[in-house]
Amino acid sequence: MKVVAFSGSARKDGNTALLLKTVLAELEDAGVETELVQLAGQELRGCIACYECFKNKDGYCAVKKDCINDCLDKMKGADAILLGSPTYFADVSPEMKALMDRCGMVSRANGDLFKRKLGAAVVAARRAGAIHVFDSMNHFFLIGQMIVVGSNYWNIGMGREKEEVAKDEEGMQTMRVLGQNMAWLLKKLEK
Ligand SMILES: Cc1cc2nc3c(=O)[nH]c(=O)nc-3n(C[C@H](O)[C@H](O)[C@H](O)COP(=O)(O)O)c2cc1C
């Protein structure tokens, strides 16, 4: 079983990445293979609405000059997908929006490529707006027939400076429980 996690932060190894790594550590402990992809530094833009993916139906985005098709391959090869975003003006980051719009459109053009895979979203925020970010990423999973895994709180960690989220004990605990729940469900599905 494999889980791939995408950090949509513009800042490498920041709070979003730390939250995702905390979820992944629980999965690794349970024997699940994991991979973290950080979109920071990638030249990414949103969907250009060409609808070529609906004509081509080849499982890929027609815009091939960036990392989106690599991300699609990683999603296709995983049993579960984690999406992580910082809160930017109470919304997802542009990198996460580009990932969701383009991979989501290709998925829809090809009969829901991630159908019945597991999904979960995690959010880093300094103070407010995180629930909207959480909801936005859950829309990606729920429109695509994916199964959303929860924790014992909404998957949010609070912090501003890099890795400050480590001080948010409840947020870190929420991530660990999320990892444990995802590992539990993956093991059930393996049988
Ligand atoms: C452009 C921008 C907008 C932000 N907007 C918000 C916001 O609306 N609410 C909030 O709580 N934090 C906001 N923040 C703070 C980040 O969400 C916070 O520092 C987060 O931990 C960053 O995660 P990262 O380290 O993964 O980049 C903003 C930061 C930036 C750079």
Side-chain angles (χ1 to χ4, degrees), residues 2-29 32 34-48 66-68 70-72 74-75 78 80-104 118-142 146 148-183:
K2 181 162 184 190
V3 177
V4 64
F6 295 91
S7 170
S9 175
R11 185 160 73 167
K12 193 163 184 275
D13 295 324
N15 291 321
T16 309
L18 183 57
L19 293 172
L20 288 169
K21 284 177 196 169
T22 306
V23 182
L24 295 181
E26 293 295 326
L27 287 153
E28 292 268 346
D29 281 354
V32 177
T34 71
E35 181 178 2
L36 173 64
V37 179
Q38 299 199 49
L39 299 177
Q42 294 285 343
E43 292 286 332
L44 265 186
R45 63 153 294 160
C47 178
I48 60 168
D66 56 28
C67 69
I68 288 295
D70 289 339
C71 293
L72 272 163
K74 289 177 194 295
M75 288 182 182
I81 299 167
L82 286 167
L83 296 181
S85 180
T87 303
Y88 286 174
F89 285 84
D91 221 321
V92 293
S93 68
E95 289 84 352
M96 179 49 62
K97 184 68 172 141
L99 183 80
M100 290 196 299
D101 285 356
R102 290 174 59 191
C103 294
L118 309 188
V122 314
V123 184
R126 182 187 74 81
R127 186 173 178 84
I131 276 293
H132 182 238
V133 180
F134 185 62
D135 292 346
S136 289
M137 289 188 283
N138 281 327
H139 291 145
F140 174 88
F141 304 129
L142 292 169
M146 294 180 67
V148 176
V149 181
S151 183
N152 55 350
Y153 197 84
W154 301 303
N155 310 327
I156 293 162
M158 308 302 282
R160 179 170 63 181
E161 303 306 330
K162 262 190 170 184
E163 302 201 334
E164 196 181 308
V165 80
K167 293 186 209 148
D168 175 9
E169 300 248 342
E170 188 177 354
M172 297 304 277
Q173 174 65 13
T174 305
M175 300 303 140
R176 286 192 286 271
V177 172
L178 174 62
Q180 289 159 16
N181 288 346
M182 187 171 268

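All ligand and atom numbering here is 1-based and tracks the order in the structure. The basis for the numbers below is simple: all heavy atoms, side chains too, and nothing from hydrogens, waters or symmetry mates.
The shortest heavy-atom contact between A17 and S7 is N-OG, 4.0 Å. Between E35 and K74, the closest heavy-atom pair is OE2-NZ, 2.8 Å.
Results of the side-chain contact (heavy atoms from CB on, under 4.5 Å) test with L24 over V3, V4, D29 single out V3 as the only residue that passes.
Heavy atoms of other residues, nucleotides or ligands lying less than 6.0 angstrom from NZ of K2 number more than 12.
The backbone N or O of S93 sits less than 3.5 Å from a side-chain atom of S85, completing a donor-acceptor pair.
Using a heavy-atom distance under 4.0 Å as the criterion, the protein contacts of ligand 1 are S9, R11, G14, N15, T16, P86, T87, Y88, F89, A90, A124, A125, R126, R127, A128, G159, R160.
Partners of A125 by side chain to side chain contact (heavy atoms under 4.5 Å, CB included), not counting sequence neighbours, listed by chain and number: T87, A130, M158.
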